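Only one structure is covered here, and it is reproduced in the block below.
Numbered from 1 within each chain, the chains take letters A, B, ... in sequence-line order. What you see is a predicted model; the values in this text were computed from it and never measured.
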There are 2 protein chains.
Amino acid sequence: MRLRRNTARPGGTDPRHATALERFARLLAEKDLRLTKARAAIVEAALSRNGHFPIDDLVQDLRRRGIRGSKATVYRALPLLTEAGILQPAVAQGDARRYEAAFGRDHHDHLVCRGCGKVVEFEYEAIEILQREVAARHGFTLEAHQHQLFGRCEACRAQADAGVAPRRPLSAN
Amino acid sequence: MRLRRNTARPGGTDPRHATALERFARLLAEKDLRLTKARAAIVEAALSRNGHFPIDDLVQDLRRRGIRGSKATVYRALPLLTEAGILQPAVAQGDARRYEAAFGRDHHDHLVCRGCGKVVEFEYEAIEILQREVAARHGFTLEAHQHQLFGRCEACRAQADAGVAPRRPLSAN
DNA sequence: CTTCATGCAAAAGATTTGCAAGTTC
DNA sequence: GAACTTGCAAATCTTTTGCATGAAG
């Protein structure tokens, strides 16, 4: 559980974005697909987001940036971004489909409180190592992972002990 | 990675189901809700399923068992089953919303091949222990978890090395 | 220029909700 | 009996598709 570095910069010149775009371009080339303005803008928007986000947020982002983003285009691009390892599906407790950046960030997984919905991010190198071991044992190369722990935070436990029913059953971020 | 015990029985007398029902009843009581036939049947159906399943499968199951199951009723019950810790949301790579039993089964997590969609279940005690440690460190009591590893299986890697584009990009179970 | 990508709008699915009628406590 | 549930159908939301028009290589 070490601290997370933060290399993000405001503009569109984030080196992380550039690298991701390259990677994306490579995937597209392999598939005889084109790196269009729209697709590049989607990568940009995706990497600029923090944490989990619903698909529609990307559509809104594009609109805001002047690109007449179309829902359909975003939906069509998502599987490509995922395959390129730039995005990764993420869900926390029944919410609608969400994604999160999977590239250029340190890994971070989630600990979700079932009582109040609070989400804590964590990183644990030892777990990452064991994951690689599991993958290797099955002949897999590990590319990504998703790991969520569900439980009760201290506050919600105290509340329960006091005989009070917890508030919002589920509404994780 | 030990073997999974299998205590499931065909009929409706599975002791696991009985315990789950009790737990469910307790939750309902707390909330001044009623344990109706429909809700009990949904618990039963949910626990009888193996692995991940789409919501509609539960609806079909009810129909099959003679209960004139209604989609709406199932949808309305799902958050309750989740809160009771009987079901748990599960998604593998962009598929539609799915659930899986979270009660009375040994933990099992998934290793998914991004090339061909193959899914391998795994269990790794060491990881479970570390998870508990992470939760404890943040003051959480761990109730459940979801852990998925994504990568490439041996076959798909060989295929890629041979310069062939992999088949179905994503369609994990 | 040929092929692939985009937008729009329509289609398909998935989930939620209103309400009269049926159940549970 | 009163309060909570259910089913159905209609309303919403989300995601996918068809197709004519606009870019990319």
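Nearest to the side-chain atoms of Lys71(A) among the listed nucleotides dT15(D), dC4(D), dC8(C) stands dT15(D). Taking only side-chain atoms of Ala38(B), from C-beta outward, the nucleotide of dG7(D), dT6(D), dT15(C) with the closest atom is dT6(D). Of the candidates dA24(D), dA5(C), dT6(D), the closest approach to any side-chain atom of Lys37(A) belongs to dA24(D). Among dT24(C), dA5(C), dC8(D), the nucleotide with an atom closest to any side-chain atom of Arg76(B) is dC8(D). Comparing atom distances between the Ile55(A) side chain and each of dT15(C), dA3(D), dT15(D) picks out dT15(D) as nearest. Of the listed nucleotides (dA9(D), dT14(D), dC4(D)), dT14(D) has the atom at the smallest distance from the side chain of Tyr75(A).
Atom-to-atom distance recorded for Arg97(B):CZ and Ile55(B):CD1 is 5.0 Å, nearest 0.5 angstrom.
Take the nearest nucleotide of DNA chain D for Ala72(B) and for Asp32(B): the residue whose nucleotide is more 5' is Asp32(B).
If you measure from atom CG of Leu80(B) to atom C1' of dT6(D), you get 14 Å, rounded to the nearest angstrom. Distance, Leu58(A) CG to dT15(D) P: 11 Å, rounded to whole Å. The CG-C1' distance, from Leu33(B) to dT5(D), rounds to 10 Å in whole Å. Counting to the nearest Å, the C1' atom of dT6(D) and the CD1 atom of Ile42(B) are 10 Å from each other. If you measure from atom CG of Leu62(A) to atom C1' of dT6(C), you get 12 Å, rounded to the nearest angstrom. Rounded to whole angstrom, the span from the CG atom of Leu28(A) across to the C1' atom of dA23(D) amounts to 15 Å. Atom CG of Asp56(B) and atom C1' of dT14(D) are 16 Å apart (whole Å). The NZ atom of Lys31(B) sits 17 Å away from the C1' atom of dA3(D) (whole-angstrom rounding).
A distance of 6.0 Å or more separates the ring centres of His110(B) and His147(B).
Between Thr36(A) and the phosphate of dA23(D), there is no side-chain N or O to OP1/OP2 separation shorter than 4.0 Å. Not one side-chain nitrogen or oxygen of Arg34(A) sits closer than 4.0 Å to the OP1 or OP2 atom of dT6(C). Between dG7(C) and Thr73(A), a contact under 4.0 Å exists linking OP1 or OP2 to a side-chain N or O. A close approach under 4.0 Å does occur between a side-chain nitrogen or oxygen of Arg39(B) and OP1 or OP2 of dT6(D).
For the pair Glu123(A) and Glu128(A), the minimum side-chain heavy-atom distance is 4.5 Å or more. No side-chain heavy atom of Phe140(B) sits under 4.5 Å from any side-chain heavy atom of Leu149(A).
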Quick one, Glu133(A) with Tyr124(B), criterion side chain to side chain donor-acceptor pair (under 3.5 Å). Give me CA distance, side-chain angles, the key distance, then yes/no. CA-CA 10 Å; Glu133(A) 192 180 316; Tyr124(B) 205 166; 2.6 Å; yes
